[in-house]
Amino acid sequence: MKVLIVGSGGREHAIAWSAAKSAKVDKIYCAPGNAGIAQYAECVDIGAMEFERLADFAQEKAIDLTIIGMDDPLVGGIVDVFEERGLKVFGPRKNAAILEGSKAFSKDLMKKYHIPTAAYENFDDPAKALAYLETEAKFPIVLKADGLALGKGVLICNTLEEAKAGVKEIMEDKKFGSAGNTMVIEEFMTGREVSVLSFVDGKTIKPMTSAQDHKRAKDGDQGLNTGGMGTFSPSPFYTREIDEYCRKHIYQPTVDAMAAEGRPFVGIIFFGLMLTNEGPKVLEYNARFGDPEAQVVLPRMKTDMIEVMEACVEGRLDQVDLVFEENAAVCVVLASDGYPVKYEKGYPIEGLENFKDKDGYYCFHAGTKFQDGKIVTNGGRVLGITAKGKDLKEARKNAYDATNWVSFANKYMRHDIGKAIDEA
Ligand code: AMP
Ligand code: GLY
């Protein structure tokens, strides 16, 4: 098979690595890719939002399967463009990617189909949002821009003043652009967060092993929200009992709800869950692999990823046995100091060769490129260092050891990825 992957981050590197392992694949292209992905794939200089050019390329090269890694092209309808041309593509159509693309849509869906989530109201008029905050809100309260906002459109407000400022930021100043035309105001929940990614073929859902992300930039969950500074898998807090509850009350009902709405979902549903005292509730849905969740989940997957994706596209996921290793993995993100606000890039990265032929250790590139024959930093998140171990503690030790194998100017990481493991 010839495979095309759309995207350029650590998640797409993990997808490319997994595709390269597949017995079915003999050629991989990635658009636009990065310097790490180039180890397995021919990188093609086409942007992820250039749907027609990407489809032209897929037709020209007779690509057998295109895998969309990122949310923006999915929400923008890339899958529809490929399908119209008869090209096989893994990911939800535009009318299903809205599950991630509109938080107001996803909240209304959960309400209609009794899927557990935080209580909420949707607003498209800032005056009404302010009136609601003044009369009915309990604090802390959560404000969410409806649309895609690079994972930054969520504000947790402790006081009425903060919440009023938040409404102004999201709905009036349009800090997140048109994503803030509509806003969700939601009850604040407490508990442990877990990410569960799943394969879906429109009817059947097969959840993958669980993971937990660390979204804040600094140790102790301080600092600004980022795309994710590190992950571990599995989550020791995601018990068999919780898994059974989620399958029955959250996962299958979500897939059935989308089908009932005439929006059959094919691809990855990422369930962001909060394990509250009242049981697991949905924080958010994403319509793609998590980044850096993919970097701990895919290395533990035994089943051939390409076979699972083909089964999703062909509507026969029920025939697939999805199996994960009985071990653990931890990913520590090496970022450019200053991320997610302001940082410098273009620094050479030393020591990448240390990962060659090391079983159970992975250096996934998030923001790198070639410059004068060298690999240099090219983003806020630069590398995702993943290691496996027999259990979470061993995996964490291995991952932190391996963070010392590479160096670049401005290298920054959190030192407490997986700290929660000690409380399990
Ligand atoms: P989201 O993009 O919806 O996952 O939100 C980003 C982060 O904000 C989540 O990972 C949570 O840590 C936090 N968050 C979102 N919604 C809530 C909520 N209703 N209660 C508490 N924390 C929340
Ligand atoms: N790591 C969180 C996300 O990919 O949305």
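In listed order, ligands and their atoms are each counted from 1.
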* **Atoms in ligand 2 flagged as close to Glu293, the criterion being non-hydrogen separation under 4.0 Å** => 1 (N), 2 (C), 4 (O)

* Interfacing atoms of ligand 2 (cut-off 4.0 Å, heavy-atom, Arg288) -> 3 (C), 4 (O), 5 (O)

* **Which residues share a salt bridge (charged side-chain N to carboxylate O under 4.0 Å, His left out) with Glu83, sequence neighbours left out** => Arg93

* To do: Might you confirm whether atom CD of Glu241 has over 12 heavy atoms from other residues, nucleotides or ligands at distances under 6.0 Å?
  => no

* Asked: For Cys246, what residues pass the side chain to side chain contact (heavy atoms under 4.5 Å, CB included) criterion, not counting sequence neighbours?
  -> Tyr238, Ile242, Ile250, Tyr251, Leu273, Pro280

* Any chance NZ of Lys203 has more than 12 other-residue heavy atoms, nucleotides or ligands included, within less than 6.0 Å? -> yes

* Arg11 to Phe289 six-membered ring, cation-pi geometry met (6.0 Å, 45°) -> no

* To do: State whether a side-chain donor-acceptor pair under 3.5 Å links Asp108 with Asn122.
  => yes

* **Close-range residues for ligand 1, whose non-hydrogen atoms fall below the 4.0 Å threshold** => Lys103, Val142, Lys144, Val154, Ile156, Glu186, Glu187, Phe188, Met189, Glu193, Lys215, Met274, Leu283, Glu284

* Asked: What residues, two or more places apart in sequence or in another chain, satisfy side chain to side chain contact (heavy atoms under 4.5 Å, CB included) together with Arg263?
  -> Asn95, Ile98, Phe105, Met258, Glu261

* To do: Mark up the atoms of ligand 2 that fall under 4.0 Å of a heavy atom belonging to Asn286, in ascending order.
  => 5 (O)

* For this output row, return yes or no: ring centroids of Tyr343 and Tyr412 closer than 6.0 angstrom. => no

* Asked: Does atom NZ of Lys358 have more than 12 heavy-atom neighbours, drawn from other residues, nucleotides or ligands, at distances under 6.0 Å?
  -> yes

* Could you tell me which atoms of ligand 2, counted from 1 in the order shown, lie closer than 4.0 angstrom to a heavy atom of Gly227? => 1 (N), 2 (C)

* To do: Mark the output for Arg11 as yes if a heavy-atom distance to ligand 2 is under 4.0 Å, and as no if none is.
  => no

* **ligand 2 atoms in contact with Asp213 (distance to a heavy atom under 4.0 Å)** => 1 (N), 2 (C)

* Asked: Looking at ligand 2, does Gly290 have a heavy atom less than 4.0 Å from it?
  -> yes

